[in-house]
2 protein chains.
Amino acid sequence: MDQQNDSDGFRPIDREGLVQRVARRLSKAIVTGQLAPGARLSESVVARQLGVSRAPVREAARLLETTGLVTYEPNRGFFVRGFTSRELDDLYEFRLVIETAVIRRLIRNGLGETEARLAAQIDELHRVAGPDFDMLTQVEADMQFHRLLCAGSGNPRYLAVFEQIAVETELSIMLIGQLYDDPQRLAETHVPILDALRSGDEARAVEAISYHIGEARTLVTEQFRKLESDRTE
Amino acid sequence: MDQQNDSDGFRPIDREGLVQRVARRLSKAIVTGQLAPGARLSESVVARQLGVSRAPVREAARLLETTGLVTYEPNRGFFVRGFTSRELDDLYEFRLVIETAVIRRLIRNGLGETEARLAAQIDELHRVAGPDFDMLTQVEADMQFHRLLCAGSGNPRYLAVFEQIAVETELSIMLIGQLYDDPQRLAETHVPILDALRSGDEARAVEAISYHIGEARTLVTEQFRKLESDRTE
DNA sequence: GTCAAGGAAATTGTCGACAGTCGACAGAAA
DNA sequence: TTTCTGTCGACTGTCGACAATTTCCTTGAC
């Protein structure tokens, strides 16, 4: 089952396509705020900067488009996606629908290995809440918890849509700078979800995820509305 | 405010790009069964046949990938998506989750113009159930009804994911040949949904959509399982 | 007859170039 | 001054060509 037990750890060589690498660079630049919302993403400029041709850049941009990080206007090109607080609210409502369905399935089908994975991820969340870690690492750990939820549901489709909205969620949190005053709080808010799942009580689990996402929804949209009003002034 | 009140109505000319046209041709070929599941989609062959270069074909294929009509394997290219009955079951479960959420929102926010649109679409469904119309037209009318539901929800995200799964749903129905013995039945199964929406009774509306999708789910997956066992023999 | 290795053919990955389109700005007309 | 029109630069849309990779067929050994 294990691949390559013999010899020192031969890990699959970086056979990641050029497109993927470009996409990762771009999405990192966007999520970290290096590229501001609304900014134009010129194919030729990016291509020149990364030392590749326009073709892979274009494909990477199209990739980011499906995840909602950039938008595309015919004959005008790609732009870094900007949010309105309304769109963020819609995003979180949608996330709630998806994750509620996932929770229901998890309860009905049993947790299995997911239980241990979730527990480990909560540890990880605590670990990256230290002062040495940056916001991006914490948010990624947060998303990973929810990704594990979706992955455990047994229906790959939930994971697929989650991957799409996860990037946007990540961006939304990065945009407002921080979610909670105390970084440890981010880890703690996930504990009730796992507890509820363990209890096997569907209603309780649904309530837990609703509370969790609802809290984030409130924090993000409110913070964002402030940013919006600052911008118009 | 109005653009071009004078002279006869100048509406925006059809500025559809080459990529879109290629994508439409391909997806039609797939949905009508002209391209069988599992078939390789060679970029150069398609490009030659359509009289364009590989670039737009490639982009069109990537577009179809996001809608799930084709799959992509690095360095191997694009293939017409094949389904397992399990995947179809997952698809319909997911549709149920999405549309249930949509129904709930519709009830809470009020139908508005959606009511008239849905009613008109049911008429359309009856109209295309005649002997002169083909399966594809009927299925497209069916999808349009559900598209209207999602569009009326007020959260654009539902419409976006629906567009993705609609194509797959369409394909699934086309694959099994027909859903109901009597074409008129397809139209009739949509009536209870509209009725329930009009009543404003959320539980009843959720029940209606659950029944509707559940019925389709059973028919499609059962039919498909038969096809599967035929294939293995 | 089966299997492995090697090489040829076909396909995808990437590139640079040219044509088409857009937005901005300058200049002409009112 | 204001509005419209023509021009220009920059960008995207599409293309054909080459490089890298995979696939398939041939060939040979066992």
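Because the structure is predicted, anything quoted here is derived from the model rather than measured. Note on naming: letters A, B, ... go to the chains in the order of the sequence lines (proteins, then strands), and numbering restarts at 1 for each one.
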Proximal nucleotide (of D/dC15, C/dG13, C/dT11) relative to the B/R40 side chain: C/dT11

Taking atom C1' of D/dT12 as reference, at what distance in whole Å does atom CZ of B/R58 sit? 18 Å

Identified side-chain contact (heavy atoms from CB on, under 4.5 Å) counterpart of B/V128 within the set B/M135, B/E140, B/Q138: B/Q138

Examine D/dA17: is either OP1 or OP2 under 4.0 Å from a nitrogen or oxygen in the side chain of B/R54? Give yes or no. no

Is the distance between the ring centroids of A/Y158 and B/F94 under 6.0 Å? yes

Whether the A/E228 and A/S85 side chains hold a donor-acceptor pair (N or O, under 3.5 Å, no angle test) is what I'd like checked. yes

For atom CG of B/L18 and atom P of C/dA19, their distance in whole Å: 17 Å

C/dA10 phosphate, OP1 or OP2, under 4.0 Å from B/S44 side-chain N/O: no

Under-4.0 Å salt bridge between A/R86 and A/D90: yes

OP1 or OP2 of D/dG13 versus the side-chain N and O atoms of A/Y72: is any pair under 4.0 Å? yes

Just N and O in the side chain of A/S53: are any of them under 4.0 Å from OP1 or OP2 of C/dC15? yes

When you check the phosphate oxygens OP1 and OP2 of C/dG23, does a side-chain N or O of A/R76 lie under 4.0 Å from one of them? yes

Among the nucleotides D/dT12, C/dT14, C/dC15, whichever has the atom closest to the side chain of A/V19 is C/dT14

Here the distance between atom P of D/dG13 and atom CD of A/E73, to the nearest Å, is 11 Å

Should B/S42 be listed as having a side-chain N or O under 4.0 Å from OP1 or OP2 of C/dT12? yes

Please tell me which of B/E43 and A/V52 maps to the more 5' nucleotide of DNA chain C, matching each residue to the nucleotide holding its nearest heavy atom. B/E43

